[in-house]
Colleague: 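Sharing a structure with you now.
First the proteins, then the strands, lettered A, B, ... as listed; each starts at 1.
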There are 2 protein chains.
Amino acid sequence: MAVYTDITDGQLKQFLTGYSIGALTSYRGIAEGVENSNFMLHTTKGEFILTLYEKRVNEADLPFFLGLMQHLQHKGLVCPLPVLRQDGAMIGKLAGRPAAIITFLEGTWPRQPGIDHCRQLGVALAQMHVAGADFRLQRRNSLTLADWRPLWNKCADFADKVVPGLVKDATSDLEYLESNWPRHLPHGVIHADLFPDNVFFLDEKLSGIIDFYFACTDILAYDVATCVNAWCFDKDGTYDLAKGTALFEGYQSVRKLSGDESEFLPLLARGSALRFMLTRLYDWINTPEGSLVIKKDPKEYSSKMAFHRNVKSSAEYGLVRL
Amino acid sequence: MAVYTDITDGQLKQFLTGYSIGALTSYRGIAEGVENSNFMLHTTKGEFILTLYEKRVNEADLPFFLGLMQHLQHKGLVCPLPVLRQDGAMIGKLAGRPAAIITFLEGTWPRQPGIDHCRQLGVALAQMHVAGADFRLQRRNSLTLADWRPLWNKCADFADKVVPGLVKDATSDLEYLESNWPRHLPHGVIHADLFPDNVFFLDEKLSGIIDFYFACTDILAYDVATCVNAWCFDKDGTYDLAKGTALFEGYQSVRKLSGDESEFLPLLARGSALRFMLTRLYDWINTPEGSLVIKKDPKEYSSKMAFHRNVKSSAEYGLVRL
């Protein structure tokens, strides 16, 4: 939640001469998004989001992220649409950073997702997986199996101080995942970060998906597993079978999961929990005390790793194969 | 720039049932304002700003701040207007905090104020001073002369490390100001924080003044002196006589400054520079390293203190008495 790069009104007006979106009437920095600087623009033609891509985002990945939004929109999914510059480009330069303008989506994200939210999320996720099948660009997941061990090596010394017993658990999980990762499962475009704050609802209907800046080409069922982790546990850490059941029903109403996908789901969910535990642990250790960034507790995800370790079958998540 | 208190969509929808501003379609945290949490709301009836007042704001002061905006609007000044609740109240409670909704003002604040911005600012400042004359509430300035010494005592030990020589300069300035503060000058409602980021322009015309959360009852010319400091120095620290001249011409086209006000302006400007140096120094020392809050350099204001120390007459600021 931050604006890392501020921009002057003069810079912005100059930048906007490259677009056909009317005259600027106001802009405000938005306190959302931990990777980039985001501004809400008002112009005489409507509302837009301006994003300045900060150093953590690789400029070479922008055509994938923005092209994907365009592709998904054309396929009928609601997500922000990159606004083209007059010269046809999607990306410009502002205050020394790559910058893009995307359309503004109405809606609010559910702070307390319920069963029906999970069902609608499942539908949208599967629609995204299907719609992404003929997207022509590919992008390697930069936070997948091969990246976990280097990240873990940077955190392991401190891990037991944050979560007692974590060193033993994470080490054995990592070994198990490295030996058993189901590389043969169907791949495609995944969102890879589809937490509730990236899904908008309006009048209780899913109104759009945002923030494709972790999207990549990877195992589709891994994306489902990430949603299980992000949507189907209650605040106290217990798995909510009704939410899981709804998520899978929604998903499979659009795309059926195979026997293999179902079989490996506990392993994928354990991997996804490890991935989010690792980045949270890294940030936990590396974010200065007193900083305004709200640190997310890695414990939430080490508990989820433990939960998945004990799951014998995807039926325990509420998955009924069709 | 922060959102200190997040709110759930459920809490917000419940809160909005107390208002007649339509149905919520979206809300986003705004990365502006260092004291409170601000959200931009979209509803089916338009756009609004929701503010949650954090601990640094005294709840007992809210009727002054919000009542003042209402008063000034009724007098024809453009500033945000508090939206009344259905029960007529201006303040409600949300997420355990006092909260209010105000109207959204279009416009952008000038990152590089020019001569004409200064002239328009002067006009608006004088209009505010005149319009405030019959506002019935009073509020003591909580960052005036009497408050500077306690603040200085908390920072003095570290001051020379931040700005070499500051201890000697600030100590003697403080003594001088305490002995010579012109308590007899005309008092009234002052904004007390009218920096460029609180003044919006649209198509190069001043379109509104925001952020009245330092407003109070104090010496009117002190408010002018604060604007001199905030608007009339160039980036390299030199005083811009053309900007000063324009500011005073604008101001005096609405309200003439008296001989006394003119005479004491260098002292008031020195006091105002000390006040902003002190709060910046305090924050400089007390903000953790690596925090996302951008620390403002106290040096900028210790240099301004030095400048004002050498001013012999307000003519050096560009003030020509009418």
Colleague: Which answer fits B/Phe201, side chain, backbone, both or neither, if we ask what part of it has an atom under 4.5 Å from a heavy atom of chain A?
Modeller: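 Neither part.
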Colleague: Only one of B/Asp9, B/Leu12, B/Leu41 clears side chain to side chain contact (heavy atoms under 4.5 Å, CB included) with A/Thr108; which?
Modeller: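 Single pass found, and it is B/Asp9.
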Colleague: What heavy-atom pair brings A/Arg28 and B/Ile49 nearest, and what distance separates the two atoms?
Modeller: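 Smallest interatomic distance, heavy atoms only, reads NH1-CD1, 3.7 Å.
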Colleague: What do you reckon, is OH of B/Tyr239 surrounded by more than 12 foreign heavy atoms closer than 6.0 Å?
Modeller: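 Yes.
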Colleague: For B/Gln11, is it the side chain, the backbone, both, or neither that has a heavy atom closer than 4.5 Å to a heavy atom of chain A?
Modeller: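 Neither the backbone nor the side chain of B/Gln11 comes within 4.5 Å of chain A.
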Colleague: Nearest 0.5 Å, please: how far is CG in B/Leu202 from NE2 in A/His42?
Modeller: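 That separation rounds to 12.0 Å.
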Colleague: Name the member of A/Lys13, A/Gln112, A/Met40 that forms the most heavy-atom pairs with chain B at distances under 4.5 Å.
Modeller: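 Of A/Lys13, A/Gln112, A/Met40, A/Met40 has the most heavy-atom pairs under 4.5 Å with chain B.
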Colleague: In Å and rounded to the nearest 0.5 Å, what is the CH2 to OG1 distance from A/Trp109 to B/Thr8?
Modeller: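 That separation rounds to 9.0 Å.
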Colleague: Does a sphere of radius 6.0 Å around CZ in A/Phe104 hold more than 12 heavy atoms from other residues, nucleotides or ligands, not counting ones at 6.0 Å or beyond?
Modeller: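 Atom CZ in A/Phe104 is packed in, count exceeds 12.
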Colleague: Counting heavy-atom pairs closer than 4.5 Å to chain B, which one of A/Asp203, A/Leu24, A/Thr25, A/Ile7 comes out on top?
Modeller: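 Option with the greatest count: A/Thr25.
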Colleague: Check B/Gly107 against A/Ser26 and note the closest heavy-atom contact, atom names and distance.
Modeller: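 That closest heavy-atom pairing would be O-CB, 3.3 Å.
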Colleague: Output yes when a side-chain donor or acceptor of B/Arg111 lies under 3.5 Å from a complementary backbone atom of A/Gly10, and no otherwise.
Modeller: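 Not a single qualifying donor-acceptor pair exists.
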